Every structure is written in structure tokens, then in C-alpha cells.
Amino acid sequence: MKSTLIKNAQLVNEGSTTISDVLIKDGRIAQIGQNITAEADEIIDATGLHLLPGIIDDQVHFREPGLTHKATIGSEARAAVAGGVTSFMEMPNTVPNAVTQELLEDKYNIAAETSLANYSFFMGATNDNLSEVLLTNPNTVCGIKIFMGSSTGNMLVDNVETLEQIFSKAKLPIAVHCEDEQIIRDNMALYEEKYGDDIPVKCHPEIRNEAACFKSSFMAVKLAEKHNTRLHILHISTEEELKLFRNDIPLEQKRITAELCVHHMWFDKEDYDEFGTQIKCNPAIKEARHKKALLQGLLDDKLDIIATDHAPHTWEEKQGTYKKAPSGVPLVQHSLQMMLEFVREGKLTLEKVVEKMCHAPAILFNVRERGYIREGYWADLVLADLNKPYTVSKDNIHYQCNWSPFENHTFQSTITHTFVSGHLAFANGAFDESRRGERLLFDR
């Protein structure tokens, strides 16, 4: 692997921003400092650019195997890298569901051949696969995923005894989707009675409402407290849920953590008028008060990390009526640019973005030698030009589904370079796919 010297970057790392050079050798960060004079195969003048650790996205749906008409691991990993996401953790509700060790390893084999980004895959839990779940290797798999609410196929876990067993015996972090199934069903019945098959999409946050989220999250927290489980609650979407989380201890000491997704920060209920089913997702995008409270929860460290829940569907699928259009939004390519808009608006600092998108996921999942710009760590790095506007168009959307709610939107920043394990995988709009990403490892 060729060596690279990045010169004069504004390096954002561990709470501060400094002008620095970074030398990359053999896939790792060999030296950090000013005026590095070592020889390198390639020199990048990063004057005026910001150098960040690569983004670690702990929640994506890349659809392979089984739903490859929507996306593949290869296609979505390319999109991720184009957006500065160097590592992803993918969910098990593919077809077939990743609920045995063999099916889980099949996904790793696909990624080893096709993923431009570094990768890990969650082991899926069901009501009847406890023995398989407990075989999961904590050093080579990111975590266990439980759907405590509506899900795909056999992945809704609603058996209390099963939940008790998983929460008491799991050696890996348990990541949960929390929405109460019965509340959602009851709400859906009311809206079907009122509207028939023509339910307005704007009713989505009323059907999948605050009560459904809070009841399920509350149950998960109580289970984790009972068994001292390492619990991570995904995509928090309500102000009410914030009271379940603490901010009086460092992240390293937390046993219960929470994730905020970019779309719950960016959109609110009024946006259904413009975007309709494009922004239909679970949990639902809700009223503006939640968006405001979630941002404050992030600043207050009740919410620990920022992720995407990237979930592509074809454009044709998303054009269905409310009941027929699947839930999910493609987001992984633009998540960093979204957060850089918050920086420009003064709502977040650049250091806070790096903390929540890079450092915190590495801490939370015990990711080995990634998530920071440190000598000896893997060179997962992103260069961004915060003063170069970027307009999203069909020509630069890299998702296989080839659509985004941000089409025709202009971000005020551009991702210029992305290094994955030392390999310059993306530079100025072009990919170098001569190397693949690495399997993530975990220090547990």
C-alpha cells in the first residue's frame, strides 16, 4: 500500500482543532505533527480543508442478501465512503434474516469481496434462536439486534422470557428498535376506520406515536437495569424518551446508551407536506418540538451518538400509498454534510460532530484502533471543504436506488477525500476500488 502525506490540514480530533500534517503508512497513521518532512508516495495539500476521523455509522440497512433490487453491500458502501463514512454496522433484517451464525458469516463474506468501507454486521435475535445468539463472538461482531416492535419476517421479539434470557446472558452490546407493537396496531385500526386505505402520510407520527416509543424504550431500560446489560437504544425520536438516559457519567462508564439519527434532527412533521412517503420511516419523524429537544439532548450528552438508519427502497416502492409504501430513507452518503450544516448554523461545533459520529461509536462498541486520529491507529480519515457548495443530483447520488430526499438541495460543504484503512478510496468525486475495507474488530 502506498504512503500518503497530508499537509497543512485543520485536524479536528478529541475536542480541539489544530493545523497539522498526517503521514499514512501501511494502512495506519504513522505520524502526526507540523512540518513533517518524511518522504511519501503521494502528498496532498490540505490547506483550507478540515481533516476528521472517518465516520462510524452504527445503523445501516444495505439489503444484501435477498433484497438486492433495492441495494447491495457494495453499492451502499460506495455511497457511504463518498460521504466520509469509513465504517458501518449493518442490521440483520435482510432476506434471509441473519439469525444463525452461518447466515451472519455469509454477509461478512459478501462484504469482504465487495465493500469499499470497513464493515460489521449485527446478529439478529428472534423469539426462538437464543442458542445461536449466544454463540456470537464478541471480538468479531458488533452486537446483537432486537426488534422490540414491528419488524421484518420473524424478527419481532415479544416473548418476555426470551428477552429476559438475552438481556441476562448476552456478552455483546444489545441494540434495540423500540416501538410498542400493540399501541401501533391499535392506532392503525383507528386510522383505518377513519380513512380506509387513504390514510394521509402525515398521520404516520400519530400512528407510531410517542407512547409507542416510550413504552418500549422504558421496558428495555428496565430489563437492562435488572440484568446490568450493555444496552444501546437506536434512533430515539421523542422528547419524552430523553428522561430515560443519564449524562452524569462519562460514556465509557454508561451501560445504557442512546442513538440519534440525522433525519430526526433535520425533518419534522411539517415536511410530510413536501416529501410525503419519501421520509416515511420507523420510528416516525414527529413534531418540531421533538427535533428541538433531541438536538438539546445531543448537546447535553443524554444522546450519545449520531447515525443514519440508512434504509433504501426503490423510487417506485416509495410512491405507494401510505400503507403500501415501505418505511426507510437513504441517508448514509449525506449524513456528514447534514451535520456540517448544523455547524454552519451554529447549532453544533465541529468538535461535537466528530465526538458523536467518530469517537463515541468507537467507545460505545469498543471498536479496535479506529474512531480517532492517533498514531498507530488505522488511517480512517476524511477531508472536507467547508466552503465548497455541493448540490445533490442524480449524477452524484451513489445509492443503487438513485434517489435522495436531498436531491436538488445544496449543502455548503463538500467531502473531498476519504481514506479507508489507509487506502484513498474516494478523491474529488472518483473512487479507487482496488482495495476493500477491513472487518471491524472489538476489544471486549
Side-chain angles (χ1 to χ4, degrees), residues 55-61 80 85 87-93 120-122 142-149 151 172-179 208 210 213-214 216-221 224 229-247 250-252 254-267 281-286 290-291 293-311 327-329 331-332 335-336 338-339 342 348 352-367 371 440 442:
I55 306 304
I56 302 173
D57 192 336
D58 83 320
Q59 190 188 181
V60 300
H61 300 265
V85 176
S87 299
F88 65 82
M89 302 177 195
E90 205 261 357
M91 291 297 163
N93 56 329
S120 192
F121 297 90
F122 281 89
C142 52
I144 297 161
K145 173 65 179 291
I146 302 177
F147 287 89
M148 292 174 66
S151 182
L172 294 83
I174 295 176
V176 291
H177 176 132
C178 286
E179 290 183 286
R208 306 185 81 95
E210 293 89 346
C213 294
F214 184 85
S216 185
S217 292
F218 180 81
M219 176 183 177
V221 167
T229 312
R230 178 63 195 88
L231 173 68
H232 181 54
I233 301 187
L234 303 165
H235 43 47
I236 296 298
S237 63
T238 74
E239 180 179 11
E240 286 79 357
E241 288 168 286
L242 293 174
K243 67 183 71 171
L244 299 174
F245 308 109
R246 59 190 298 185
N247 60 357
L251 178 58
E252 290 86 347
K254 290 186 181 184
R255 297 292 290 168
I256 299 170
T257 54
E259 168 199 282
L260 174 59
C261 285
V262 292
H263 49 297
H264 291 125
M265 298 174 68
W266 188 279
F267 298 107
C281 57
N282 303 335
I285 291 163
K286 298 178 176 69
H290 297 290
K291 182 171 71 172
L294 293 169
L295 176 60
Q296 191 59 49
L298 188 77
L299 294 171
D300 292 342
D301 295 328
K302 286 197 168 186
L303 299 175
D304 300 293
I305 65 173
I306 298 170
T308 64
D309 195 15
H310 171 80
S327 293
V329 188
L331 292 160
V332 74
S335 59
L336 176 54
M338 292 168 72
M339 294 304 100
F342 281 85
L348 290 173
K352 180 62 79 171
V353 170
V354 168
E355 175 194 335
K356 297 297 186 179
M357 299 186 86
C358 311
H359 304 336
I363 294 169
L364 197 153
F365 287 94
N366 309 103
V367 181
L440 297 178
F442 306 91

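Fair warning: this is a prediction, and the values are worked out from it, not measured in the lab.
Of the listed residues (Leu298, Leu303, Leu260), just one forms a side chain to side chain contact (heavy atoms under 4.5 Å, CB included) with Ile236, and that residue is Leu303. Of the residues Glu90, Glu259, His177, the one that meets the side chain to side chain donor-acceptor pair (under 3.5 Å) test with Gln59 is Glu259. Checked options Phe365, Phe245, Phe122; the residue passing with His232 is Phe365 (criterion: ring pair (Phe, Tyr, Trp, His ring centres under 6.0 Å)).
In this structure, OG in Ser120 is found 11.0 Å from CD1 in Ile56, a value given to the nearest 0.5 Å. Atom SG of Cys213 is separated from atom CD of Glu239 by 13.0 Å, given to the nearest 0.5 angstrom.
What you find for Asp57 and Ala307 is that their closest heavy atoms are OD1-CB, 3.4 Å. Ala220 and Leu231 make their closest contact through O-CD2, 3.4 Å (heavy atoms, listed as atom of the first residue, atom of the second, distance). Of all the heavy atoms in Ala360 and Ile305, the pair that sits closest is CB-CG2, 3.4 Å.
Residues Asn93 and Lys145 have side chains not in contact (no heavy-atom distance under 4.5 Å, counting atoms from C-beta outward). Counting heavy atoms from C-beta on, the side chains of Leu348 and Leu299 come closer than 4.5 Å. Put simply, the side chain of Cys261 does not reach to within 4.5 Å of the side chain of Thr308, judged on heavy atoms. Between Pro283 and Arg208, every side-chain heavy-atom pair lies at or beyond the 4.5 Å cut-off. Side-chain atoms of Glu240 and His290, non-hydrogen and from C-beta on, do get closer than 4.5 Å to each other. Residues Asp309 and His61 meet the side-chain proximity criterion, which asks for heavy atoms closer than 4.5 Å.
Geometric assessment of Lys243 against the ring of Phe214 yields a positive cation-pi assignment under the 6.0 Å and 45° thresholds.
By the 4.0 Å N-to-carboxylate-O rule, Asp301 lies close enough to Lys356 to be salt-bridged with it.
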